[in-house]
Amino acid sequence: RRHGIIGNFSSMGLALQALETSSEFYAPRKWDRAQAFSVVCNHDYQQPTAMAQVLPPLVDKSYLNAGRWGCAATTEWPRANSGSCHQCWGQLGFRPGASPVGMTPLPCARWAVPGAHLLLSPPTAPITVHYSITNTLKNFFHYTTSVCVPDNSTLLQVMEVARNEKPDIFCFTIKMDKLGPYVTSIHGLAGNMANRTYWQFFSSWSRLQKGVGTYKPRDGEHIQAIFSTY
């Protein structure tokens, strides 16, 4: 129903591991991996932990055995029956059947591969991002601002600029998680596990599928941080 996304992009690796290893218990229909694998293969993963969690399903191994796969096995194309994986390995810079030593990375490879060529982009004009914070649960508040940031900036960088310009309003705190920075409080209001509250991020009322450390807003985009319950 969500075009193959299970939870969000960061949780896809663990979800695929679970689904791949327990598929024999599914009813009433067989587990169809194609849509979920397509999502993974078309996403530009940047967090090392997320990459490590996605790798086992791609090579059809458990998490413990994926690290033992070995370079010699790269000639054995993983999941030959899953067409989307050819694209995955293309993004990693691998060619089918190529020797892992002296391997030539694909020009379009986006992942950090040893020996990959660095493609430099020409400088671009700054972009404007609209950013608002809202709490409707208790002690209502709503604030909006517009900030100018370099193109290709992350949402975390947008939040930092807003905080620098108006620290009394757009102050926030984060904690570093294995999947990247996690926002714990905004405007002095922190999420609470006992009350099941947290800060949820949206783009024009569509929930973001990436974290603040990896999501990159577009020019003119409206990012909303809404204090929510789960």
Side-chain angles (χ1 to χ4, degrees), residues 1-23 25-27 31 35-36 39-40 43-54 56-57 63 129-147 153-164 166-218 221-230:
R1 280 184 247 177
R2 299 183 58 209
H3 307 290
I5 298 177
I6 307 171
N8 55 42
F9 288 114
S10 297
S11 63
M12 285 292 290
L14 291 179
L16 286 176
Q17 287 185 49
L19 291 170
E20 288 291 289
T21 57
S22 58
S23 58
F25 300 106
Y26 295 150
W31 153 241
Q35 195 175 39
V39 169
V40 168
H43 181 60
D44 183 11
Y45 282 95
Q46 299 177 16
Q47 300 293 343
T49 300
M51 294 179 188
Q53 292 174 351
V54 165
Y63 189 85
V129 179
H130 310 293
Y131 172 55
S132 65
I133 58 176
T134 304
N135 168 36
T136 60
L137 299 182
K138 187 178 180 180
N139 301 323
F140 172 85
F141 62 77
H142 174 77
Y143 300 99
T144 300
T145 189
S146 296
V147 298
S153 294
T154 64
L155 175 51
L156 181 60
Q157 291 171 313
V158 170
M159 296 174 65
E160 290 172 341
V161 172
R163 179 182 60 187
N164 293 340
K166 299 177 181 179
D168 56 328
I169 296 177
F170 294 100
C171 58
F172 68 93
T173 60
I174 63 172
K175 71 174 182 179
M176 292 305 300
D177 183 77
K178 60 184 178 181
L179 292 174
Y182 175 79
V183 176
T184 55
S185 73
I186 297 177
H187 193 64
L189 180 60
N192 185 292
M193 291 184 65
N195 296 330
R196 301 172 65 88
T197 55
Y198 72 114
W199 283 97
Q200 190 172 21
F201 289 85
F202 297 82
S203 172
S204 301
W205 300 109
S206 294
R207 186 175 63 179
L208 298 187
Q209 300 299 332
K210 299 182 182 180
V212 297
T214 54
Y215 185 78
K216 297 180 179 180
R218 304 178 303 275
E221 187 171 358
H222 182 197
I223 299 296
Q224 302 151 289
I226 300 179
F227 198 56
S228 310
T229 58
Y230 62 92

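None of the values given here were measured: they were computed from a predicted structure.
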task: Report the distance from atom CZ of Phe227 to atom NZ of Lys138, rounding to the nearest 0.5 Å.
output: 10.5 Å
task: Enter the distance from Phe141:CZ to Asn135:CG here, rounded to the nearest 0.5 Å.
output: 4.5 Å
statement: Heavy-atom closest pair (Trp199 atom, Ile186 atom, distance to 0.1 Å) is NE1-N, 3.4 Å
- prompt: Where do Val212 and Pro181 come nearest, in terms of heavy atoms and distance?
  reply: CG2-O, 3.8 Å
statement: Correct closest heavy-atom pair for Thr197 and Ala190 would be OG1-O, 4.3 Å
query: If you take all heavy atoms of Phe172 and Met159, which pair is closest and at what distance?
result: CE2-O, 3.5 Å
- prompt: Is any side-chain heavy atom of Tyr131 less than 4.5 Å from a side-chain heavy atom of Val161?
  reply: no
query: How close do Leu208 and Ser203 get, heavy atom to heavy atom, and via which atoms?
result: CD2-CB, 3.6 Å
message: Nearest 0.5 Å, please: how far is CD in Glu160 from CG in Leu155?
response: 10.0 Å
field: Spacing of OH belonging to Tyr215 relative to CD belonging to Glu221, to within rounding of 0.5 Å
entry: 3.5 Å
- request: Report the distance from atom CH2 of Trp205 to atom NE2 of His222, rounding to the nearest 0.5 Å.
  value: 8.0 Å
statement: Heavy-atom nearest pair, Ser146 first then His130, reads OG-ND1, 2.6 Å
field: Any side-chain donor near an acceptor of the partner, His142 and Ser132, under 3.5 Å
entry: no
query: Between Thr184 and Thr173, is there a donor-acceptor pair closer than 3.5 Å when you use the side chain of the first and the backbone of the second?
result: yes
- line: So SG of Cys171 and CG of Leu189: to nearest 0.5 Å the spacing works out to 10.5 Å
query: Are Thr229 and Leu137 side-chain neighbours, meaning at least one heavy-atom pair lies under 4.5 Å?
result: yes
- prompt: So with a 6.0 Å cut-off around CE of Met176, is the heavy-atom count from everything else above 12?
  reply: yes
- prompt: Is a side-chain donor or acceptor of Arg163 paired with a backbone partner of Phe170 at a separation under 3.5 angstrom?
  reply: no
